[in-house]
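Remarks on the structure that follows.
Bear in mind that the values here come from a model prediction, so they are computed numbers and not experimental data. What's counted below: heavy atoms across the whole structure, side chains too, no hydrogens, waters or symmetry copies. Lettering follows sequence order; numbering is per chain, from 1.
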Protein chains: 2
Amino acid sequence: MTDRASCLVSKLGHYISLSEDDRQRLSTLEKSERSYGAGTDIYQMDDPCTDLFVVKQGWLFSYNDLPDGSRQIVKLHLPGDIIGFPDVSQKHVTSTLCAAEDVVLCPFPKTALDVILRDSPRLSALILSIALRDQIILLDLLRALGSMTARARISYMLLDLLARLKITNKGMSDVLRLPLNQSQIAAYVGLTNVYVSKTLSRMEKDGDIARTGNTVHLLRPEAMEEATDFRDRYSDMDIGWFPANKV
Amino acid sequence: MTDRASCLVSKLGHYISLSEDDRQRLSTLEKSERSYGAGTDIYQMDDPCTDLFVVKQGWLFSYNDLPDGSRQIVKLHLPGDIIGFPDVSQKHVTSTLCAAEDVVLCPFPKTALDVILRDSPRLSALILSIALRDQIILLDLLRALGSMTARARISYMLLDLLARLKITNKGMSDVLRLPLNQSQIAAYVGLTNVYVSKTLSRMEKDGDIARTGNTVHLLRPEAMEEATDFRDRYSDMDIGWFPANKV
DNA sequence: CGTCGTATTGATCGTGCTCAACAGTCGTGG
DNA sequence: CCACGACTGTTGAGCACGATCAATACGACG
């Protein structure tokens, strides 16, 4: 992936081989890239939904504030991710997007999707598949939040992040940079910052993880996967049924 | 909707007007319909994923059993729903499907999707939108499980079910038939059967709901929506960006 | 009548929350 | 240079929501 390459092309080309036509189609979609500083809210809940974003650099998250003052982070966005897909089905976006650190995004208009659907069945299938896989992952997270202990939830989050990073970075070890503070982790897994701190300390004392700065080292990933019934949904998408493009 | 009409046609025709070609395409997809008794597991987790189902009659749910013995219901399926969409992206299904009562389903093969993607951009867009909307709804549920009290979670579930039933049944009142026992409700909202019982009793005593048999009457839906920050995602899907079919 | 599945109610326990104090690390400004 | 504040993480004490375990009630069905 050169720096000049289209974010979309390199992201989607990761799953299937793209025809030259498809590459062209995708490249033209992207507007110029944009940078945002850490902590910036890039769009707010209930804003009109016009653009999608590919993450070129940095982590972000989508959150909602609830009436009782608590905050729930519903999705973490890592480099290579497409942000805002579910909102395409709605007139207004359903959550607020916030940069967890300094980020670079490649926006492209929501209306671009109709061109793809009209002209490229193969790309359409891929996009649909990605959307559906994201839904699977959400279901997994739901199980975690619905019925796991604090420790299992945090383990689950760490395993999920590691699996995601390994898609684009094959030779990766079990070390993880985690550019989120404990309040944000808490908002994601449905706990409080205090209890996240206590749980992480306990996990460290028990030898499950090691921490240095904001990097986390998973010392027994297999045991953690066992305990949380973790499954890697990222590595085995089914793309066998995709249609060929028309000629 | 006549009894003979294709389930898919009547389901999808609810959102957009379908061309005669599209109606034909959809009708041919469906195999004969099938019935299952209450409590039947229709497919099991890790089975190969071959078919999707349209619900013609009765309620169902998808669940997973966790290593600690607890069960999490991740999705309730009502008449008119399409079951198994997210699993299309996977080689094996990720949860077990169970009939909550006697049901009738219309199966159609997963491979049918490639025909639609190739030939009908408009139907493709609709299917994508439905998948994405389901994801939004999952995100809503995630917020509920992540940071709401027992009472709010149950309220949320009731509001969600009511909104779903109102799509196909416009003139509906705030009365709801709930063919689930309290253990199933508990598995869905992440509580125990005991606490569901206690919470429902308290809600009844406080005048929020009334129960007779397995029907529930919501007495102050607006107050409940306020308390749970409930939003109806079903009634305002954005279909404005859909492409027209090629001629 | 007995059994099974389901709902209710009570007593007790524990995980995780609340509130609070304190420490470490920044960047800022005197 | 130090003082100060803002932000983050840690630790402790007490509390509450919801879990666990158990007993009871109730209906449907054989």
Side-chain N,O (Arg211(A)) to OP1/OP2 (dT10(D)) below 4.0 Å: yes
Residue met sooner reading DNA chain C from 5', once Met148(A) and Val194(A) are mapped to nucleotides: Met148(A)
Thr192(B) side chain, from C-beta outward: closest of dT8(C), dA19(D), dT8(D): dA19(D)
N/O (side chain, Gln182(A)) to phosphate O (OP1/OP2, dC7(D)) under 4.0 Å: no
Ser197(A) side-chain N/O to dG9(D) phosphate OP1/OP2 under 4.0 Å: no
Rounded distance (Å) that lies between atom C1' of dT6(C) and atom CG of Leu200(B): 13 Å
Nearest atoms (heavy-atom pairs only) where Asn214(B) meets Pro179(B): ND2-CA, 4.3 Å
Glu226(A) atom CD, neighbour heavy-atom count above 12 within 6.0 Å: no
Distance, rounded to the nearest Å, where Leu191(A) contributes CG and dC17(D) contributes C1': 15 Å
Nucleotide dT8(C), atom P - distance to CE of Met203(B) in whole Å: 13 Å
Exam field: side chain Asp102(B) to backbone Gly37(B), donor-acceptor pair closer than 3.5 Å: no
Derivation of the side-chain contact (heavy atoms from CB on, under 4.5 Å) call for Lys166(A) and Asp174(A): CA-CA 9 Å; Lys166(A) 280 183 178 172; Asp174(A) 294 330; 3.2 Å; yes
Rounded distance in Å - CG (Leu66(B)) to C1' (dA19(D)): 16 Å
Under-4.0 Å side-chain N/O to phosphate OP1/OP2 contact, Arg202(B) with dT8(C): no
Integer-rounded Å distance: dG5(C) C1' and Asn214(B) CG: 15 Å
Side chain Asp206(A), main chain Asp208(A), donor-acceptor under 3.5 Å: no
Thr149(A) side-chain N/O to dT15(C) phosphate OP1/OP2 under 4.0 Å: no
Sugar-phosphate only, base, or nothing, as touched by Thr199(B) at under 4.0 Å among non-hydrogen atoms: nothing
Separation of atom CG in Asn193(A) from atom C1' in dA20(C), rounded to whole Å: 13 Å
Sugar-phosphate, base or nothing in reach of Gly190(A), heavy atoms under 4.0 Å: sugar-phosphate
d(OH, Tyr195(A); C1', dA13(D)) in whole Å: 15 Å
Value in whole Å for how far the P atom of dT11(D) lies from NZ of Lys198(A): 10 Å
